[in-house]
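Order of appearance sets the numbers: ligands from 1, and atoms from 1 within every ligand.
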Amino acid sequence: MKHYLDIDDIVSVPALIQEALTLKNLPYAYEALGKHRTLGMLFFNSSLRTRLSTQKAAQNLGMNTMVMNLNNDGWQLEFEDGSIMNGNTAEHIKEAAAVISQYVDIIALRAFPSLSDKEKDEAEQIIKSFQKFATVPIVNMESATAHPLQALADAITITEFQTIRRPKVVLSWAPHPRALPHAVPNSFVKMMQRMDVDFVITHPEGYELNPLITRNVPINYNQNDALKDADFVYVKNWSSYNQYGQICSTDPQWMMTSEKLGMAKFMHCLPVRRNVIVEDAILDGPQSIVIQQANNRTWAAQAVLKNILENL
Ligand code: CP
């Protein structure tokens, strides 16, 4: 693996899942691999899980880590080519990426979308610019359109908890007071397309994700119908893709309840708003596997970093 920008960078999903599960059993087996190597973790946005689990993963592999919150602590970066930098931006990505590449062996980046400019968000300007001007591999810690480390952790979790060969997995939209990105559902959809699961998406009309990503995945606008006989229910909010970044519904009827969940396992990437996305009874009960899912963020990141280190 040279970079980890999207699910498409995974050659074999089952093999990477197995590698992550092996690392979960033997976290320090490759401690020598990252010796004298440094992971630079750059954040344009907040994080709890991604920051701590990726750092832990790197440290398990013997790597050093440098963490920087670019928005607050760095110079404001310019991404446009040929721009006259007489405004707020103080440093061009060309210099910044080249300089950072001299200090670290791998760059991991988090950069959310604007949710106001679809074309710009889909162009993934920040992560693509780092890829273009850095001389070291790039790992996506959630970009405008993708969160592949989360999706790999999701796939590991389903693999661990599945009790039948081909489980039914439902991605169910839930209401949220703020407009949220599409990165998590996009990557989850892509990952489910690479797994042997019976996959259905349910959301209110108007919340269709990018059809180039969902392709032929069945979409059922009737949540109760979609949830029938589900083994795993992944609940997530996202803003409208067609009316880009808009909140078209906050219908509380779409919140996940114990009654709707049935016998299924409950999944969410976290952070989660209790009693808006999902009722307390689920999160506090035995069917929730969100804590185990968050734990798998470490083994997902470790499997990815291991593969990249082996190709340096
Ligand atoms: N799920 C996830 O990426 O969590 P953080 O935003 O806290 O990193």
Side-chain angles (χ1 to χ4, degrees), residues 4-7 9-10 20 39-60 65-73 106-115 121 124 126-127 138-158 160-161 169 171-174 176-192 209 232-239 256 265-274 276-278 282-283 288-305:
Y4 189 57
L5 302 178
D6 202 353
I7 300 300
D9 291 315
I10 303 175
L39 175 69
M41 300 172 63
L42 310 178
F43 288 89
F44 287 90
N45 310 93
S46 306
S47 168
L48 186 154
R49 278 143 291 273
T50 306
R51 177 168 171 161
L52 297 180
S53 64
T54 309
Q55 198 165 3
K56 183 175 159 81
Q59 289 168 358
N60 286 350
T65 53
M66 289 179 178
V67 185
M68 189 164 180
N69 297 317
L70 278 179
N71 272 352
N72 299 330
D73 303 337
I106 301 172
I107 294 174
L109 266 177
R110 167 164 284 201
F112 289 175
S114 65
L115 289 181
D121 288 346
E124 292 279 17
I126 295 181
I127 205 157
I138 306 290
V139 173
N140 184 345
M141 293 196 297
E142 188 171 345
S143 64
T145 66
H147 196 356
L149 285 175
Q150 179 65 53
L152 180 54
D154 301 337
I156 295 165
T157 309
I158 289 172
E160 283 184 312
F161 280 90
V169 179
L171 172 62
S172 186
W173 180 91
H176 196 284
R178 297 181 60 186
L180 296 191
H182 309 100
V184 169
N186 281 348
S187 290
F188 186 71
V189 169
K190 280 187 154 190
M191 184 58 93
M192 290 306 102
L209 291 161
F232 296 92
V233 176
Y234 197 110
V235 179
K236 183 73 185 87
N237 170 269
W238 59 88
S239 55
M256 191 52 55
K265 296 287 186 200
F266 174 82
M267 298 180 72
H268 189 283
C269 61
L270 304 180
V272 67
R273 292 193 181 225
R274 283 174 170 251
V276 176
I277 295 272
V278 52
I282 293 179
L283 286 171
S288 171
I289 53 172
V290 297
I291 305 300
Q292 296 92 329
Q293 191 181 349
N295 181 28
N296 283 332
R297 291 295 310 273
T298 300
W299 319 115
Q302 198 167 328
V304 166
L305 290 173

Any sub-3.5 Å donor-acceptor pair from D121's side-chain atoms to P113's backbone N or O? no
Would a distance-only check, ignoring hydrogens and angles, find a side-chain to backbone donor-acceptor pair under 3.5 Å from N296 to Q293? no
Would you check if there is a donor-acceptor pair between the side chains of [Y] and [X] at a distance under 3.5 Å?
X: S187; Y: Q150; value: no
X: N186; Y: T145; value: no
X: N45; Y: E142; value: no

Sub-3.5 Å N/O-N/O distance, [X] and ligand 1:
X: P271; value: no
X: S46; value: no
X: S47; value: yes
X: E142; value: no

Is there a side-chain contact between M41 and T50 in this structure, where contact means two heavy atoms from C-beta onward sitting under 4.5 Å apart? no
Answer whether the closest heavy-atom distance between the side chains of M191 and D154 falls below 4.5 Å. no
Number the atoms of ligand 1 from 1 as they appear, then name those within less than 4.0 Å of a heavy atom of R297, with their elements. 1 (N), 2 (C), 3 (O)
Mark up the atoms of ligand 1 that fall under 4.0 Å of a heavy atom belonging to C269, in ascending order. 1 (N)
Say whether H147 and ligand 1 are in contact under the criterion: heavy-atom distance to a ligand atom below 4.0 Å. yes
Who's the nearest protein heavy-atom neighbour of atom 4 (O) of ligand 1, and how far? R49 NE, 2.9 Å
Protein heavy-atom partner closest to atom 7 (O) of ligand 1 - residue, atom, separation in Å: L48 N, 2.7 Å
At a non-hydrogen distance cut-off of under 4.0 Å, which region of R110 contacts ligand 1 (side chain, backbone, both, or neither)? side chain
Side chain, backbone, both or neither: which applies to L270 and ligand 1 if a contact is any heavy-atom pair less than 4.0 Å apart? backbone
Residues in ring-ring contact (aromatic ring centres under 6.0 Å, His included) contact with Y234, at least two apart in sequence or another chain: F188
